[in-house]
Visitor: 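Okay, here's the structure, questions in a sec.
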Protein chains: 2
Amino acid sequence: MLELRELPDAHILKKFADRYPDADIDQILQFLTFLHVATDLSNGLDRYLASHDLLQGRWWVLILLMREDDHCASPSKLAEKAGVSRATMTGLIDSLQRDKLVSRSTSNKDRRQTLVRLTRAGQKKLDDVMPDYYRRLNQLMSALSKQEGDMLMSILSKLRQQSAVFD
Amino acid sequence: MLELRELPDAHILKKFADRYPDADIDQILQFLTFLHVATDLSNGLDRYLASHDLLQGRWWVLILLMREDDHCASPSKLAEKAGVSRATMTGLIDSLQRDKLVSRSTSNKDRRQTLVRLTRAGQKKLDDVMPDYYRRLNQLMSALSKQEGDMLMSILSKLRQQSAVFD
DNA sequence: TGCAAATAGTTAGGCAGCTAACTATAATGC
DNA sequence: GCATTATAGTTAGCTGCCTAACTATTTGCA
């Protein structure tokens, strides 16, 4: 996602609104600011994870595995839950396996299927990363009151319902 | 940014909260939902732009050039305003120049400097893309009342002030 | 004035995402 | 019961992002 460092000022917005009459300045600012802040936070999270040799993709795979009672899942399930293609998941698992944070084995029931398992080192990596992550998240979200947090969830829900507008 | 397709349910959140006492379930849900919706919208925008042979990076360069009164800017200024590295901007300009949407020329005053100019075809591309973009944006943001829009901006501003929490 | 430092842009190489095409295995149905 | 179809995973090749290193040019100061 793009890190728009310079949101338009009133002069520029007017220039665009003159050429494109459908432009609504308040809506544009709300949308761009929304993407801007989300990108900032996402990049910040990546910087934090990078200090532990992770990025969101690899980190998310570890978390998805820890969610499972037996700490196991197939690559396709992981791809689906993480929202990436199976090809991308292959690469993520390759790199996690290189770092010995997960292991691969072939299923006996269905020999097409691979089982990915969180290793002891993978669990330790999460135990290193998560407490500090939650403390930082707490600091971040404490900027909002209980009421603002509820309001945010309500607004996000309304925006999500419109997510097909670009299709 | 990751498209987390499966947000945690109450059972999973409890499992994590048990192992990591600093986890605050409401805060985690707010944060993940925020990133999730933003990613959805960003991907949607990219899909729309892709139907016009653009993506956010290339599109943003055209917009930044149109903002300028002479439709010109240097690669470093563009990189700074778009929030990408100068190396990335070189690639974006290369690809826009291949499509004849921008042109390059060397500055006379400072022969280190390149001037990137929006071509007539580049302006036409924006005239193709922007009206429909603004109409879709209008549909998206009309899901929020005036009051909700103001609230969103206030919430985003508070979150942005915390954006260093991950450093 | 001439050399060191700063600046503008590009190139090289890496990573993480994608789609499309491929291999191996399993399921289905005539 | 064998051929077709579907499914799981990987590979190949593309894109756009990054940092670090490089070239060319300008600036600044001793």
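As the structure is a computational prediction, the values presented were derived from the model and not from experiment. All values below were derived from every heavy atom in this structure, side-chain atoms included, with hydrogens, water molecules and symmetry-related copies excluded.
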Visitor: Both A:Ala87 and A:Asp110 contact DNA chain C. Taking the nearest nucleotide for each, which residue is further toward the 5' end?
Guide: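 Taking each residue's closest nucleotide, the earlier one in sequence belongs to A:Ala87.
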Visitor: Find the distance B:Lys109:NZ to D:dT25:C1' and express it as a whole number of Å.
Guide: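 Taking atom C1' of D:dT25 as the reference, NZ of B:Lys109 is at 16 Å.
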Visitor: Without decimals, in angstroms, what is the distance between B:Gln97 CD and C:dG9 P?
Guide: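 Checked: the CD to P distance equals 13 Å.
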Visitor: Would you classify B:Ser74 as touching base, sugar-phosphate or nothing, given that sugar-phosphate means primed atoms plus P, OP1 and OP2, and contacts are heavy atoms under 4.0 Å?
Guide: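 Sugar-phosphate: the residue B:Ser74, judged by heavy atoms under 4.0 Å, touches backbone atoms but no base.
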Visitor: Group every Ile, Leu, Val, Met, Phe, Trp and Tyr by side-chain heavy-atom contacts under 4.5 Å, then state whether A:Phe16 and B:Val61 land in the same group.
Guide: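 The answer is yes; both residues are in one hydrophobic cluster.
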Visitor: Do the side chain of A:Ser142 and the main chain of A:Asn138 share a donor and acceptor less than 3.5 angstrom apart?
Guide: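 Yes.
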Visitor: If you measure from the Lys or Arg side-chain nitrogens to the Asp or Glu carboxylate oxygens, is any gap between B:Lys81 and B:Glu68 under 4.0 Å?
Guide: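 Judged by the 4.0 Å cut-off on N to carboxylate O distance, B:Lys81 and B:Glu68 do form a salt bridge.
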Visitor: Taking atom P of D:dG9 as reference, at what distance in whole Å does atom CZ of A:Arg111 sit?
Guide: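 Distance check: A:Arg111 CZ to D:dG9 P gives 13 Å.
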Visitor: Determine, for A:Lys15 against A:Asp9, whether the closest basic-nitrogen to carboxylate-oxygen distance falls under 4.0 angstrom.
Guide: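 Salt bridge between A:Lys15 and A:Asp9, a charged N being under 4.0 Å from a carboxylate O: no.
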Visitor: Does D:dA8 have OP1 or OP2 under 4.0 Å away from a side-chain N or O of A:Arg104?
Guide: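 Indeed not, no polar side-chain atom of A:Arg104 lies that close.
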Visitor: Whole Å only: how far is the CZ atom of B:Arg112 from the C1' atom of C:dA8?
Guide: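 It works out to 6 Å between those atoms.
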Visitor: Counting heavy atoms from C-beta on, name the nucleotide in C:dA8, D:dG9, D:dT10 closest to the side chain of A:Ser76.
Guide: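 Shortest atom-to-atom distance from the side chain points to D:dG9.
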Visitor: Pick base, sugar-phosphate or nothing for A:Arg86, based on heavy-atom distances below 4.0 Å to the nucleic acid.
Guide: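 Result for A:Arg86 = base.
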Visitor: Starting from the 5' end of DNA chain C, give me the residue, B:Pro75 or A:Arg58, whose nearest nucleotide shows up first.
Guide: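 Nearest nucleotide further toward 5': that of B:Pro75.
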Visitor: Could you tell me whether the phosphate oxygens of D:dC18, OP1 or OP2, come under 4.0 Å of any side-chain nitrogen or oxygen in B:Ser85?
Guide: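 So the side chain of B:Ser85 is within the cut-off, an N or O lying under 4.0 Å from OP1 or OP2 of D:dC18.
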Visitor: Expressed in angstrom and rounded to an integer, what is the separation of A:Leu55 atom CG from D:dG16 atom P?
Guide: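 Interatomic distance, CG of A:Leu55 to P of D:dG16: 20 Å.
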Visitor: Which part of the nucleic acid, if any, lies within contact of B:Thr90, taking any heavy atom under 4.0 Å across all strands shown: a base, the sugar-phosphate backbone alone, or nothing?
Guide: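 Base contact.
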Visitor: With rounding to the nearest 0.5 Å, note down the distance linking CD1 in B:Ile155 to OG in A:Ser145.
Guide: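 That separation rounds to 8.0 Å.
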Visitor: Please give, in whole Å, the distance from C:dA16 P to A:Asp99 CG?
Guide: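 Rounding to the nearest Å, CG of A:Asp99 and P of C:dA16 are 10 Å apart.
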Visitor: Provide, to the nearest angstrom, the distance between the CD atom belonging to A:Gln113 and the P atom belonging to D:dT10.
Guide: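 In whole Å, D:dT10 P lies 12 Å from A:Gln113 CD.
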Visitor: Base, sugar-phosphate or nothing for B:Thr88? Non-hydrogen atoms, less than 4.0 Å.
Guide: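 Since a base atom lies under 4.0 Å of B:Thr88, the category is base.
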Visitor: Between P on D:dC18 and CG on A:Asn43, what's the gap in Å once rounded to a whole number?
Guide: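 The distance from CG of A:Asn43 to P of D:dC18 comes to 9 Å, rounded to the nearest Å.
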